[in-house]
*Asks:* 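Sharing a structure below in structure tokens format, with a few things to ask.
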Amino acid sequence: MRYTEKNPPFRMSQFSLFYAGQPHPTKYDCMKNEVIASHFEMLADLLEIQGANPFRIRAYRNGARTISSTSESLDDMVSSEKDLTELTGIGKDLARQIHEIVTTGKHVALEALRKEIPGGVLDMLRIQGVGPKKVSVFFNELGLRSLADLKAACEAGQLAKLKGFGRKTEESILQNIDLAAKQSERVSIAEARAAAEAIVDDLKQQAEVEQVSVAGSCRRRRETCGDLDILATCSDPGPPMDRLAAHPLVETVLQRGDTKQRVRLKTGIELDLRVVPEASFGAALLYFTGSKEHNIVVRQRAKDLNLKVNEYGVFRGEEQIAGRTEEDVYAAVGLPWIPPELREHRREFEWADAGTLPKLVTVVDIQGDLHMHTTASDGAATIEEMALAAKARGLKYIAITDHSKRVSMANGLDAERLRQHWKDIQNVRARMSGIDILCGIECDILEDATMDLADDVLAEADWVIAVLHYGLKQPGKQIMKRLMAAVKNPHVDIIGHCTGRMIGRREGADVNFTDLLKAAADNSVMMEINAHPSRLDLDDIHAAAAKDQGIPIVISTDSHSVNGFEVLEYGVDQARRAGLTSEDVANTKSLKEFRELLK
DNA sequence: GCCGTTTTCGGCCCGACTGTTTTCAGTCG
């Protein structure tokens, strides 16, 4: 099983933690949901190599998905003796295993399998075109235990001698084996969208092409994408495939069939183009957008109605009864159209059945941006330049929130400079029309759980964002002590980029969201979705949990220049994935209404 | 391994592409 986007629900950073060595998290003082999920993913991989019952394997993967979609920490659920089997896909046995992992730090079932199958064997699954069956043959018949072993065996021509293997397989493995490490890398949604949308725009130039759309995880607006999917309708698939093959972003064509072409882009990411007849566009778009888990439920529902859904349409017997649009496919199985951002098999079907699908927030709903920097700290533009740029983008109000002094590298402000800065802001505000400017501060929560600026200074601010920048690797207890102190500080309005993670580069702090969100709700503190594509912090799961607590969410760009506002859409996408409506997002309100939400 | 107002047993989504094959298994999405 390759770790593509449809497969693992756990984070990229967990991925490396997972394969680099022990799956046991020594750095945490509680067991993270993602880590438990990664245990079950690994167990599923090992069982697959062993040739276990595929439905048993799927049960482990389903369990892993549920776990990583659960905001409440399983650690807490175990210690408060909650019934884990109430989680979808968690039955008696998985509940028992979770309990074991949390209470003992051991996972007997996983450890037993790991003894039988070395970690290097699992690495082979990451090679394109190599799955559990082939790996099983490599390990059991040739005794290969690592990628290096496999490479040597290919070079020695050992593989081609095996039954069912040939020269081409050997060549393909040799070609892809060095890419195996790179394959696991996912690109940010920003990078994914840029590439996919460029190619979509190009395909639209092809006269024969009728409709083109981005699909896949990119259309669902996941934080990162493992590959790209594009769907087109055309009576003849040839022209769009030729055009894609010749596109300057494309490096090589990996596969080409009658309806499907797979290419590798120069950036290393792979892209699938699928060409279908117009009567199938909706069905194919649904199928190609995923998620896999969402599609399985749709197909199951069709089956219950004696219908069949595939990428060509909805069929009753031989007769196609829907497929031209996504709306008619959903309608055929008794569902309203579900926005792509919600298609993760979390709560969307429950909402759809109850008629309570949220009307998701959009970029045009956003009226204010409440996190940005100027030349006073590490920004590239002045107060006035930022305000003009914000106004040009249609914003009605902004908050200037430069860094506090602890962030010395960014020229953070002490009390004296900050007070002068606020005077400068007030001067700009006085001479500008059409946009309001709040005097804010992005104040560090120091390692010892005190604030970087004194209360009397914070009290003068219109808007205080409290953030962690340093000491992110502190034990969870200390992290929580810091966050709780900030939440309880009477002058703090919001927690910014809560975990401090940098997607794909840096693990976030060990935050207990159950405790934090409860405290935020009790103390009328808002939570930020930082829109920068490398942060997107809160993530979708925790933003949804914040909404459940009634906590107002603010989507902020954290702009450091006049171009910084462009990332707003990524923050909105994250909010949409969390199921947030404009009601849930505080900066969709007018400044007057927004101020009423402040404590 | 999970699940269930038809079920506590018998189901568990569906098709394209490739390579190795004379009809299919493995992989992938």
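Values in this document were obtained by computation on a predicted structure and should not be read as measured data. All chains are named by letter (A, B, ...) in the order of the sequence lines, taking the proteins before the strands, and each is independently numbered beginning at 1.
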*Asks:* Over how many whole Å does the gap from A/Arg220 atom CZ to B/dG29 atom C1' extend?
*Replies:*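 Taking atom C1' of B/dG29 as the reference, CZ of A/Arg220 is at 11 Å.
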*Asks:* Regarding A/Arg219 and A/Thr289, is there a side-chain donor-to-acceptor distance under 3.5 Å anywhere?
*Replies:* yes
*Asks:* Grab the CD-P distance between A/Glu41 and B/dG1 for me, whole Å please.
*Replies:* 16 Å
*Asks:* Determine which pairs satisfy salt bridge (Lys or Arg N to Asp or Glu O under 4.0 Å) with at least one residue from residues 131-159 of chain A, sequence neighbours left out, and list them in order.
*Replies:* A/Lys151-A/Asp178
*Asks:* Give the residues of residues 249-259 of chain A touching DNA chain B, defined as any heavy atom closer than 4.0 Å, sorted by residue number.
*Replies:* A/Gln255, A/Arg256, A/Gly257, A/Asp258, A/Thr259
*Asks:* Got a sec, which residues hit side chain to side chain contact (heavy atoms under 4.5 Å, CB included) with A/Ala52, two or more places apart in sequence or on another chain?
*Replies:*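 Only A/Leu47, A/Arg56, A/Ile57 meet the side chain to side chain contact (heavy atoms under 4.5 Å, CB included) criterion with A/Ala52.
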*Asks:* With sequence neighbours excluded, tell me which residues meet side chain to side chain contact (heavy atoms under 4.5 Å, CB included) with A/Thr356.
*Replies:*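 If we apply the side chain to side chain contact (heavy atoms under 4.5 Å, CB included) test to A/Thr356, skipping adjacent residues, the hits are A/Trp351, A/Ala354.
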*Asks:* Please measure how far the C1' atom in B/dG1 lies from the corresponding atom in B/dT5, and state the result in whole Å.
*Replies:* 24 Å
*Asks:* Which of residues 232-241 of chain A sit near DNA chain B, with a heavy atom under 4.0 Å from it?
*Replies:*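 Those residues whose heavy atoms fall under 4.0 Å from DNA chain B, taken from residues 232-241 of chain A, amount to none.
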*Asks:* Take atom P in B/dT21 and the same atom in B/dG26, then report the distance between them in whole Å.
*Replies:*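 Result for the P pair: 13 Å, nearest Å.
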*Asks:* Scan A/Arg58 against the nucleic acid and name what it touches under 4.0 Å (heavy atoms): base, sugar-phosphate only, or nothing.
*Replies:*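 The residue A/Arg58 makes base contact.
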*Asks:* Return yes if the base of B/dG15 and the side-chain atoms of A/Tyr287 contain a donor-acceptor N/O pair under 3.5 Å, otherwise no.
*Replies:* no
*Asks:* Of the listed nucleotides (B/dT27, B/dC12, B/dC14), which one gets closest to any side-chain atom of A/Pro132?
*Replies:*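 Nucleotide nearest to A/Pro132's side chain: B/dT27.
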*Asks:* Can you list the steps and then say if A/His39 with A/His107 is a ring-ring contact (aromatic ring centres under 6.0 Å, His included)?
*Replies:* CA-CA 8 Å; A/His39 275 235; A/His107 190 181; 5.3 Å; yes
*Asks:* Distance check, C1' atoms only: B/dT27 and B/dT20, in whole angstrom units.
*Replies:*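 Nearest-Å result for B/dT27 against B/dT20 at atom C1': 14 Å.
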*Asks:* Check the distance between B/dG29's C1' and A/Glu311's CD and give it to me in whole angstrom.
*Replies:* 10 Å
*Asks:* Whole-Å distance between B/dC14 P and A/Ile296 CD1?
*Replies:*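 Those two atoms, CD1 and P, are 10 Å apart.
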*Asks:* Look at the side chain of A/Asp227 and the base of B/dG29, then say whether one donor and one acceptor between them are separated by less than 3.5 Å.
*Replies:* no
*Asks:* Just by distance, no angles: are the side chains of A/Gln50 and A/Glu116 close enough, under 3.5 Å, to form a donor-acceptor pair?
*Replies:* yes
*Asks:* Taking OP1 and OP2 of B/dT18, is either one under 4.0 Å from a side-chain nitrogen or oxygen of A/Arg262?
*Replies:* no
*Asks:* What nitrogen or oxygen pairs link the protein and nucleotides 19-23 of chain B at under 3.5 Å?
*Replies:*
residue	atom	partner	partner atom	Å
B/dG19	O3'	A/Thr169	OG1	3.0
B/dT20	OP1	A/Gly166	N	2.5
B/dT20	OP1	A/Gly166	O	3.1
B/dT20	OP1	A/Thr169	N	3.2
B/dT20	OP1	A/Thr169	OG1	2.8

*Asks:* With P as the reference atom in both, quote the distance from B/dT8 to B/dG15 in angstrom, rounded to an integer.
*Replies:* 30 Å
*Asks:* If you measure from the C1' atom in B/dG11 to the same atom in B/dC17, how many Å do you get, rounded?
*Replies:*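 The answer is 29 Å between these two C1' atoms.
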*Asks:* What string of B, S and - do you get for nucleotides 4-10 of chain B 5' to 3' if you count protein non-hydrogen atoms under 4.0 Å?
*Replies:* -------
*Asks:* A/Leu273 CG to B/dG29 C1': how many Å, rounded?
*Replies:* 14 Å
*Asks:* Output the single nucleotide from B/dC2, B/dA16, B/dC14 whose closest atom is nearest the side chain of A/Asp93.
*Replies:*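 Of the options given, the side chain of A/Asp93 lies nearest B/dC2.
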*Asks:* Using side-chain hydrogen bond (donor to acceptor under 3.5 Å, both in side chains) as the criterion, list what pairs up with A/Thr103, not counting sequence neighbours.
*Replies:*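 Listed in chain order: nothing, the list is empty.
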*Asks:* What nucleic acid atoms does A/Leu94 come within less than 4.0 Å of, heavy atoms only: base, sugar-phosphate, or nothing?
*Replies:* sugar-phosphate
*Asks:* So, is A/Tyr312 near the phosphate of B/dA16, with a side-chain N or O under 4.0 Å from OP1 or OP2?
*Replies:*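 For B/dA16, OP1 or OP2 has a side-chain N or O of A/Tyr312 closer than 4.0 Å.
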*Asks:* Determine which nucleotide pairs with B/dT8, using a 3.5 Å limit on both distances of a Watson-Crick or G-U wobble pair.
*Replies:*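 Checking every strand shown, B/dT8 finds no partner, since no pair has both distances under 3.5 Å.
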*Asks:* A/Asn62 CG to B/dG1 P: how many Å, rounded?
*Replies:* 14 Å
*Asks:* Does the side chain of A/Glu223 come under 3.5 Å of the side chain of A/Gln574 through a donor N or O and an acceptor N or O?
*Replies:* yes
*Asks:* Write out all pairs satisfying ring-ring contact (aromatic ring centres under 6.0 Å, His included) with one or both partners inside residues 51-106 of chain A, taking only residues at least two apart or from two chains.
*Replies:* A/Phe40-A/Tyr60
*Asks:* Write down the distance between CZ (A/Arg186) and P (B/dG29), rounded to a whole number of angstrom.
*Replies:* 11 Å
*Asks:* Expressed in whole Å, how much space separates the P atoms belonging to B/dT23 and B/dC28?
*Replies:*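 25 Å, rounded to whole Å.
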*Asks:* Using residues 239-253 of chain A as the side-chain source, report each donor-acceptor pair under 3.5 Å to any protein atom, sequence neighbours left out, with the distance given to one decimal.
*Replies:*
residue	atom	partner	partner atom	Å
A/Asp242	OD1	A/Arg256	NH1	2.9
A/Asp242	OD1	A/Arg256	NH2	3.1
A/Arg243	NE	A/Asp202	O	3.0
A/Arg243	NE	A/Asp202	OD2	3.2
A/Arg243	NH1	A/Gln206	OE1	3.2
A/Arg243	NH2	A/Asp202	OD1	3.3
A/His247	ND1	A/Leu249	N	3.0

*Asks:* Can you check whether A/Ile338's main-chain N or O pairs, donor with acceptor, with A/Arg343's side chain at less than 3.5 Å?
*Replies:* yes
*Asks:* Once side-chain hydrogen bond (donor to acceptor under 3.5 Å, both in side chains) is applied, do any residues pair with A/Lys82, and if so which ones, sequence neighbours excluded?
*Replies:*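 Counting only residues at least two positions away or on another chain, A/Lys82 forms a side-chain hydrogen bond (donor to acceptor under 3.5 Å, both in side chains) with A/Glu72.
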*Asks:* Reckon A/Val309 touches a base, only the sugar-phosphate, or nothing at all at heavy-atom distances under 4.0 Å?
*Replies:* sugar-phosphate
*Asks:* If you pin A/Ala95 and A/Val135 to their nearest nucleotides in DNA chain B, which one's is more 5'?
*Replies:* A/Ala95
*Asks:* What distance, rounded to whole Å, do you find between the two C1' atoms, one in B/dT7 and one in B/dC12?
*Replies:*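 It comes out at 14 Å once rounded to the nearest Å.
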*Asks:* Could you tell me whether a side-chain N or O of A/Thr233 sits under 3.5 Å from a main-chain N or O of A/Val276, the two making a donor and an acceptor?
*Replies:*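 It does not hold such a pair.
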*Asks:* Once you round it to whole Å, what is the distance between C1' of B/dT27 and CD of A/Glu48?
*Replies:* 10 Å
*Asks:* For a salt bridge (charged side-chain N to carboxylate O under 4.0 Å, His left out) with A/Asp540, tell me which candidate from A/Arg221, A/Arg222, A/Arg577, A/Lys547 qualifies.
*Replies:* A/Arg577
*Asks:* On a heavy-atom basis, which atom in A/Ala95 and which in A/Thr85 lie closest, and how many Å separate them?
*Replies:* CB-CG2, 3.9 Å
*Asks:* Given B/dG29, is OP1 or OP2 found less than 4.0 Å from the side-chain N or O atoms of A/Lys260?
*Replies:*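 So the side-chain polar atoms of A/Lys260 never come under 4.0 Å of the phosphate oxygens OP1 or OP2 of B/dG29.
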*Asks:* The criterion is side-chain hydrogen bond (donor to acceptor under 3.5 Å, both in side chains); which residues satisfy it with A/Ser534, sequence neighbours excluded?
*Replies:* A/His532
